Participant: 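First, the structure itself, so that you have it in front of you.
These numbers come from the heavy atoms of this one structure, side chains and all, not from hydrogens, waters or symmetry mates. As the structure is a prediction and not an experimental result, all values here were calculated from the model.
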Amino acid sequence: MAIDTGLPDLKSQHPEWEPWLVVIQEILSEAVNPYWDAVIPTRFEAQESKIPLLAGVSLTLEQSSVRRVLEQLIRIAHRSGTPKMATLEPVLHAELDSLSLFRASLCQNADYLVETAATIHADPEALQAVVALLPVPFLQACNRHWAGSIAKSWVEGYCPVCGAWPAFAEVRGVERSRCFRCGRCGGEWQAHCLFCPYCGMTNHEELVSLVPEKSGSNSVIDACRRCLGYVKSFTKLQGSPPVKILLDDLASVQLDVAALEQGYKRPHGAGYALAVTVKDNRTVPSSLA
Ligand SMILES: [Zn+2]
Ligand SMILES: [Zn+2]
């Protein structure tokens, strides 16, 4: 059964977002391709303190499968007609190493993507935005397979599966338990109520809650006066399904705008710098690819 991601609602509320929403729609449909489940390395060891499950992993992927997803995303982004996305067309013809792009995106290595954009005269922001989606099907599969391996004691600010900073926090149910959610793998982890994920600040005098006028009573911005980072926080009965995190993050962009206006920002790059090896494998049955 298809999971309700809220995509049709978002399209009707923001018709101007259509060019980007079709790109996201493509990656969300790729996220259910069983190919990605088949390439997840099996884990036996318990999670080490402070180290995301993906750190140090050696992956074997089929170059052609990654290339197929990359080309599909670029074609859709290019077709959508925005001037920045139109600059991505050379990706389809350039001899780019898809596995290196995949790896750079997995490890949130922005420098590699900016350099790649420069070599093919593509807009660096547009390339980064599209290539950031490339490992999402793999990451969602990691979270499906490994969620049970996350250390119960995990209290870091970054994702225990993939090392990314949280997309937002959820305050759930009557017991008001607080979780961080990852916009890449869809993972979730416990979050203390008064805790800045970026700098670890726990002093309540340094942590402020901003409630933008139009946000409604269920969403606030938790901001840190020390590092000037912020996290959006939503009160809900239940957590969102993993595939919906990307869209929940996008749908609440008015909170990001409000936080930015107050001088707060989300840090760039990874919360934990992953070192991952990605090897090419041509032996995976093509029927799965
Ligand atoms: Zn993650
Ligand atoms: Zn902070």
Participant: Look at the side chain of Asn281 and the backbone N and O of Leu61, then say whether any donor-acceptor pair between them is shorter than 3.5 Å.
Facilitator: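 Checking the backbone N and O of Leu61 against the side chain of Asn281, no donor-acceptor pair under 3.5 Å is found.
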Participant: Could you check whether Lys11 and Gln25, counting side-chain N and O atoms only, form a donor-acceptor pair closer than 3.5 Å?
Facilitator: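 Note: Gln25 and Lys11 side chains meet the donor-acceptor criterion.
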Participant: From Glu205 CD over to Arg225 CZ, what is the distance, rounded to the nearest 0.5 angstrom?
Facilitator: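 Result: 8.5 Å between the selected atoms.
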Participant: If hydrophobic clusters are built from ILVMFWY residues whose side chains come within less than 4.5 Å, do Leu194 and Val231 share one?
Facilitator: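 Unlinked, Leu194 and Val231 end up in two clusters.
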Participant: Parallel, tilted or perpendicular: which one describes the rings of Trp165 and Tyr198, with boundaries at 30° and 60°?
Facilitator: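 It falls in the perpendicular class, over 60°.
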Participant: For atom CD of Glu71, decide whether the heavy atoms of other residues, nucleotides or ligands shown that lie under 6.0 angstrom number more than 12.
Facilitator: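 Counting neighbours around CD of Glu71, more than 12 heavy atoms of other residues, nucleotides or ligands fall under 6.0 Å, so yes.
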Participant: Any chance you could measure Cys179, atom SG, to Trp189, atom CH2, to the nearest 0.5 Å?
Facilitator: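 The distance works out to 9.5 Å.
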Participant: Identify the heavy atoms of Cys185 and Pro242 that sit nearest to each other, and give their distance.
Facilitator: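 The pair with the smallest heavy-atom distance is O-CB, 4.3 Å.
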Participant: How about CD on Glu16, more than 12 heavy atoms from neighbouring residues, nucleotides or ligands closer than 6.0 Å, or not?
Facilitator: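 Yes - once you tally the heavy atoms of other residues, nucleotides and ligands closer than 6.0 Å, there are more than 12.
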Participant: So with a 6.0 Å cut-off around CD of Gln13, is the heavy-atom count from everything else above 12?
Facilitator: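 Counting other residues, nucleotides and ligands, CD of Gln13 exceeds 12 neighbours.
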Participant: Using the side chain to side chain donor-acceptor pair (under 3.5 Å) criterion, which residues pair with Arg181? Sequence neighbours excluded.
Facilitator: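 Expected list: Glu170.
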Participant: Specify whether Phe102 and Trp36 have parallel, tilted or perpendicular ring planes, treating 30° as the upper limit for parallel and 60° as the lower limit for perpendicular.
Facilitator: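 Ring orientation, 0 to 90° scale: parallel.
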Participant: Quick one: CD on Glu125 to NZ on Lys84, what's the gap to the nearest 0.5 Å?
Facilitator: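 The NZ atom of Lys84 is 4.0 Å from CD of Glu125, to the nearest 0.5 Å.
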Participant: From Glu188 CD over to Ile245 CD1, what is the distance, rounded to the nearest 0.5 angstrom?
Facilitator: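 Nearest 0.5 Å value for the CD-CD1 distance: 8.0 Å.
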Participant: Decide whether Glu30 and Asn33 meet the rule of one side-chain donor and one side-chain acceptor closer than 3.5 Å.
Facilitator: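 A donor-acceptor contact under 3.5 Å links the two side chains.
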Participant: List the steps, then state whether salt bridge (charged side-chain N to carboxylate O under 4.0 Å, His left out) holds for Glu62 with Lys279.
Facilitator: CA-CA 8 Å; Glu62 211 177 38; Lys279 283 182 278 187; over 6 Å; no
Participant: Would you say that more than 12 heavy atoms from the other residues, nucleotides or ligands in this model lie under 6.0 Å from the CD of Glu175, or not?
Facilitator: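 Yes.
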Participant: Using a distance-only test with no angle check, is there a side-chain donor-acceptor pair under 3.5 angstrom linking Asp222 and Ser209?
Facilitator: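 There is such a pair between these side chains.
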Participant: Starting at OG of Ser149, measure out to CZ of Arg43 and round the result to the nearest 0.5 Å.
Facilitator: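 So the gap between those two atoms works out to 5.5 Å.
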Participant: Distance from Ile120 atom CD1 to Asp123 atom CG, nearest 0.5 Å?
Facilitator: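 Between atom CD1 of Ile120 and atom CG of Asp123 there are 10.5 Å.
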Participant: Between Asp248 and Lys236, does at least one N-O distance fall below 4.0 Å, as a salt bridge requires?
Facilitator: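 So Asp248 pairs with Lys236 through a salt bridge.
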Participant: Does a salt bridge link Asp249 with Arg266, judged by any charged N lying under 4.0 Å from a carboxylate O?
Facilitator: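 A salt bridge is present here (some side-chain N lies under 4.0 Å from a carboxylate O).
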Participant: Any side-chain heavy-atom pair from Ile76 and Val130 closer than 4.5 angstrom?
Facilitator: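 The answer is no, as the side chains (C-beta and beyond) never meet within the 4.5 Å cut-off.
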Participant: Determine yes or no for a side-chain-to-main-chain donor-acceptor pair under 3.5 angstrom, with Gln140 supplying the side chain and Arg184 the backbone.
Facilitator: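 Such a contact is found between Gln140 side chain and Arg184 backbone.
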Participant: Any salt bridge between Glu156 and Lys50, counting N to O under 4.0 Å?
Facilitator: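 Looking at Lys50 together with Glu156, the answer is yes, because their closest N to O distance falls below 4.0 Å.
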Participant: Shared ILVMFWY cluster between Leu99 and Leu274, side chains joined below 4.5 angstrom?
Facilitator: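 The answer is yes; both residues are in one hydrophobic cluster.
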Participant: Counting heavy atoms not belonging to Glu18, are there more than 12 under 6.0 Å from its CD?
Facilitator: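 Yes, CD of Glu18 has more than 12 neighbouring heavy atoms, counting only those of other groups under 6.0 Å.
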Participant: Test Ile40 against Phe138 for side-chain contact (heavy atoms from CB on, under 4.5 Å), laying out the working first.
Facilitator: CA-CA 8 Å; Ile40 304 299; Phe138 167 75; 3.6 Å; yes
Participant: Any carboxylate oxygen within less than 4.0 angstrom of a Lys/Arg side-chain nitrogen, looking at Arg79 and Glu89?
Facilitator: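 Here Arg79 does not pair with Glu89 in a salt bridge, since their nearest N and O are not under 4.0 Å apart.
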Participant: Which class fits the ring pair Trp17 and His14: parallel under 30°, tilted 30 to 60°, perpendicular over 60°?
Facilitator: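 Geometry flag for His14 against Trp17: parallel rings.
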Participant: Between Arg144 and Asp37, is a side-chain contact (heavy atoms from CB on, under 4.5 Å) present by the stated rule, with each step listed?
Facilitator: CA-CA 9 Å; Arg144 284 197 293 274; Asp37 288 290; 3.2 Å; yes
Participant: For Leu113 and Leu101, what are the C-alpha separation, side-chain angles and deciding distance, and is it a side-chain contact (heavy atoms from CB on, under 4.5 Å)?
Facilitator: CA-CA 7 Å; Leu113 300 178; Leu101 281 174; 3.6 Å; yes
Participant: Step through the shown structure and confirm whether more than 12 heavy atoms of other residues, nucleotides or ligands are within 6.0 Å of NE2 on His93.
Facilitator: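 Buried by this count: over 12 neighbours within 6.0 Å.
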Participant: Can Phe234 and Leu255 be said to form a side-chain contact (heavy atoms from CB on, under 4.5 Å), step by step?
Facilitator: CA-CA 11 Å; Phe234 307 117; Leu255 291 182; 3.6 Å; yes
